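Structure first, then comments.
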There are 4 protein chains.
Amino acid sequence: MAGRDIHTVSESDGGARSASRARRADARRNQQTLLDAAAAVFVTSGVEAPVRDIAARAGVGMGTIYRHFPTRADLVVAVYRHQVEACAEAGPALLAESASPHAALGRWIDLFVDFLVTKHGLAAALQSDDAGFRTLHAYFLDRLLPVCAELLGAAAEAGETGPDVTAYELMRGVGNLCIGAENDPEYDARRLAQLLVAGLRRER
Amino acid sequence: MAGRDIHTVSESDGGARSASRARRADARRNQQTLLDAAAAVFVTSGVEAPVRDIAARAGVGMGTIYRHFPTRADLVVAVYRHQVEACAEAGPALLAESASPHAALGRWIDLFVDFLVTKHGLAAALQSDDAGFRTLHAYFLDRLLPVCAELLGAAAEAGETGPDVTAYELMRGVGNLCIGAENDPEYDARRLAQLLVAGLRRER
Amino acid sequence: MAGRDIHTVSESDGGARSASRARRADARRNQQTLLDAAAAVFVTSGVEAPVRDIAARAGVGMGTIYRHFPTRADLVVAVYRHQVEACAEAGPALLAESASPHAALGRWIDLFVDFLVTKHGLAAALQSDDAGFRTLHAYFLDRLLPVCAELLGAAAEAGETGPDVTAYELMRGVGNLCIGAENDPEYDARRLAQLLVAGLRRER
Amino acid sequence: MAGRDIHTVSESDGGARSASRARRADARRNQQTLLDAAAAVFVTSGVEAPVRDIAARAGVGMGTIYRHFPTRADLVVAVYRHQVEACAEAGPALLAESASPHAALGRWIDLFVDFLVTKHGLAAALQSDDAGFRTLHAYFLDRLLPVCAELLGAAAEAGETGPDVTAYELMRGVGNLCIGAENDPEYDARRLAQLLVAGLRRER
DNA sequence: AATGAATGAGGATTCATTCAT
DNA sequence: TATGAATGAATCCTCATTCAT
């Protein structure tokens, strides 16, 4: 009887749990669908694409988007999180394997530019005054600024660079250089960014 | 009589002429009013300010704005023409008076940045996909690209720089660096632009 | 053995019974949790507060709210039932202890106003066209109209009042007077309601 | 010649003026169309009817509504202005022609109730917290409160009433009594309002 | 030539209610 | 039974541009 009670309890608990687990799995899958749809729409229409378009592409109602990602910034961050993380994590590795800190910085900036340039409108959104993008800006800074600062600091310590710019300015500048780059075949943001890095160089 | 006729004719001719002259003067004065109003509104609301606001400031109807400046780009160009011209004309002078072509380039870029940074939203408009800004982009390029190219070419010829970037890329890059700079006290577009220029430098 | 069987049976019967009892107790506790949560949310957000908020406050799913209270009116009624009952029951008592039926009516109206005025949005909900509130309206009427009618009838019988208004009109009027009173410090619904009651007064 | 110039000038001035006059006449006619449409829609859908509905009814774009009446309150006020004015102006007249100030007050309240009750949703809007209705509230108060205050004051001075309520409370109360009255055949707001007035009465 | 009234597309956001798990 | 994810209708307001007067 106790056994049955327990069983019953565990069954109902288990049922609840597995239902909840199932629901969660479902929701997670759904989230991924959303992210995929958003990513796809972002490519063609930029990160400011209408919510309705994203919802349509994902085959869900708009409310579903809002449920999962209350703010547009939340959605954008979620879409690009993996790549931002990868970029952040690449910093120390590059520092370790490159010939010099300055070289590492250059390679890291390349990664950053390659990332931004392929994300239609992202670079612009990062600078947008729009309150809805405040968080986006913050996320990028939180995650990448320390990495940039470390590389920059290492280069300075090695005497390769002077104290010309802050890490923030450098990132902001590089970000700016990427704006609209995807539409202009005459313009190579990567090259410009490397020029910036080169400009930091100091002869010993 | 002939004299009188002539006189009369000449008088009426003169009247027509002076009326026409007067009308032209009037129109010019009118245009100037428009430009002043636009400039004032651009300062506070950016170059994308509502047409109605500009018209109101100028004390004319919106139709008048459209008559004189069919596209927004036309208006923006007209507002900033003097400064763009001044910038363009400064190129050769700087080349003549500077210690080196590379130095001249740096000083010229400074002028360009100073100009852009103080024009709320102009740098962004220069990159805008918006059809209404196509002409704006074109004008800036037409007028400034040759100047930049000359400075860049001179520096290259003097062996101060390599062939890293085209004049177009450089201008585009510098323009990009100015986007949103007016709102961010942590960010000094001038410094970044100079970094770019420094990055062009080659040791002999 | 029989004893044991009986015992067992009775035990299991008892188990079932107590389980059922326990379940009922559980359900009741659950309901109470819901009502407490709803009451709390009503205070701050009014009786039209989002279902989700109430569910969240109660720590249950929204579906649970709907199961127990299919319409919002059901929930609102349940939340205020005690107070409505108390108000209803106060009628005869007041009639018994007051100096006159008209005085009793006045005191009873005071009770009613005091109740309504402290329930954010309730008075408005009572008049709402909204289908979801139809039942609410009905409940209040079912329960309170007879009481009001009795008081009013007694006063008329005593010659204190004329047949100016129906009990329904009086209640409706008093209810209306309470709308929005909680937000307006310049407005005293109680005073107005008493004016209404005073207006009923007839000299013998 | 001078004559011609003057003539020309006066012609062009005259043209501009008559164009402007024509435009203004046109616009005025248009405004009336708008007001008629709004009034019609208000009758069926209440004063909170969607702007689009009103525009459709008037056969104009929504922008036209916004141009003429930036705020919903502006529109509502415009629609009812004549009647509010009439109500305001009736006050002194009633005072003059009635048997007593208190009687005048009663008749004036009748006018006010008759006005409100036929305006679907207006009474409710007058109490709405909604910022868009703040102005509406203010207009009614500005225009009618002094009238009510005068009548009330005269009655008090004549010793017919006591100082039970302020003019504001009385108007607020009467306004409240009218909420939803148009939908309820069992409820006569006019009668209730008169009860309120009767309640003010004091025997000498 | 000037005026300024009119048009109407376009996108964000909230929440009651249902129903699969 | 309980959960809570998903749906999607409904309305607001701005502003570039046109064109009748």
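Keep in mind that what you see is a predicted model, and the values were worked out from it rather than measured. Heavy atoms only: backbone and side chains are in, while hydrogens, waters and symmetry mates are out. All chains are named by letter (A, B, ...) in the order of the sequence lines, taking the proteins before the strands, and each is independently numbered beginning at 1.
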Whether the side chain of T44(B) engages the backbone of V41(B) through a donor-acceptor N/O pair (distance < 3.5 Å, no angle test) should be reported.
yes

Base-paired stems in DNA chain F, each at least three Watson-Crick or G-U pairs under 3.5 Å
E:2-21 with F:2-21

Taking ring-ring contact (aromatic ring centres under 6.0 Å, His included) as the test, write out the residues that go with F140(C), two or more places apart.
none

Side-chain touch R57(C)/D36(C), heavy atoms, less than 4.5 angstrom:
no

Phosphate oxygens OP1/OP2 of dT1(F): is one of them under 4.0 Å from a side-chain N or O of H68(C)?
no

S128(B) side chain to D130(B) backbone, donor-acceptor under 3.5 Å:
yes

Give a yes or no answer on whether the side chain of R67(B) reaches the backbone of M62(B) with a donor-acceptor pair at less than 3.5 Å.
no

In whole angstrom, give the distance that lies between atom CD1 of I54(C) and atom C1' of dT17(E).
14 Å

Comparing G61(C) and P70(B) on DNA chain F - which has the more 5′ nearest nucleotide:
G61(C)

Provide, to the nearest angstrom, the distance between the CG atom belonging to L34(D) and the C1' atom belonging to dT7(E).
13 Å

For DNA chain F, whose closest nucleotide is more 5', that of V60(C) or that of G63(D)?
V60(C)

What's the CG-P distance between L75(B) and dT17(F), to the nearest Å?
12 Å

If you compare every side-chain N and O of T64(B) against the phosphate oxygens of dT3(E) (OP1, OP2), does one of them come in below 4.0 Å?
yes

Using atom CZ of R67(D) as one end and atom C1' of dC13(F) as the other, report the distance to the nearest whole Å.
15 Å

If only atom types and distance count, is the side chain of R52(C) paired as donor or acceptor with the main-chain N or O of G61(C) below 3.5 Å?
no

What is the distance from CZ of F69(B) to P of dT17(F), rounded to the nearest Å?
15 Å

Check nucleotides 10-12 of chain E for protein N or O atoms closer than 3.5 Å to its own N or O atoms and list the pairs.
unit_1  : atom_1 : unit_2 : atom_2 : d
dA12(E) : OP1    : R72(A) : NH2    : 2.7
dA12(E) : OP2    : V51(A) : N      : 3.1
dA12(E) : N6     : R52(A) : NH2    : 3.3

State, with a plain yes or no, whether a side-chain heavy atom of Y80(D) is found less than 4.5 Å away from one of V47(D).
yes

What is the distance, rounded to the nearest whole Å, between atom CD of Q31(B) and atom C1' of dA2(E)?
14 Å

I would like to know whether L122(B) and L136(B) meet side-chain contact (heavy atoms from CB on, under 4.5 Å); could you show each step before the answer?
CA-CA 10 Å; L122(B) 179 56; L136(B) 181 64; 4.0 Å; yes

Do F133(C) and T71(C) come close enough that some side-chain heavy atom pair is under 4.5 Å?
no

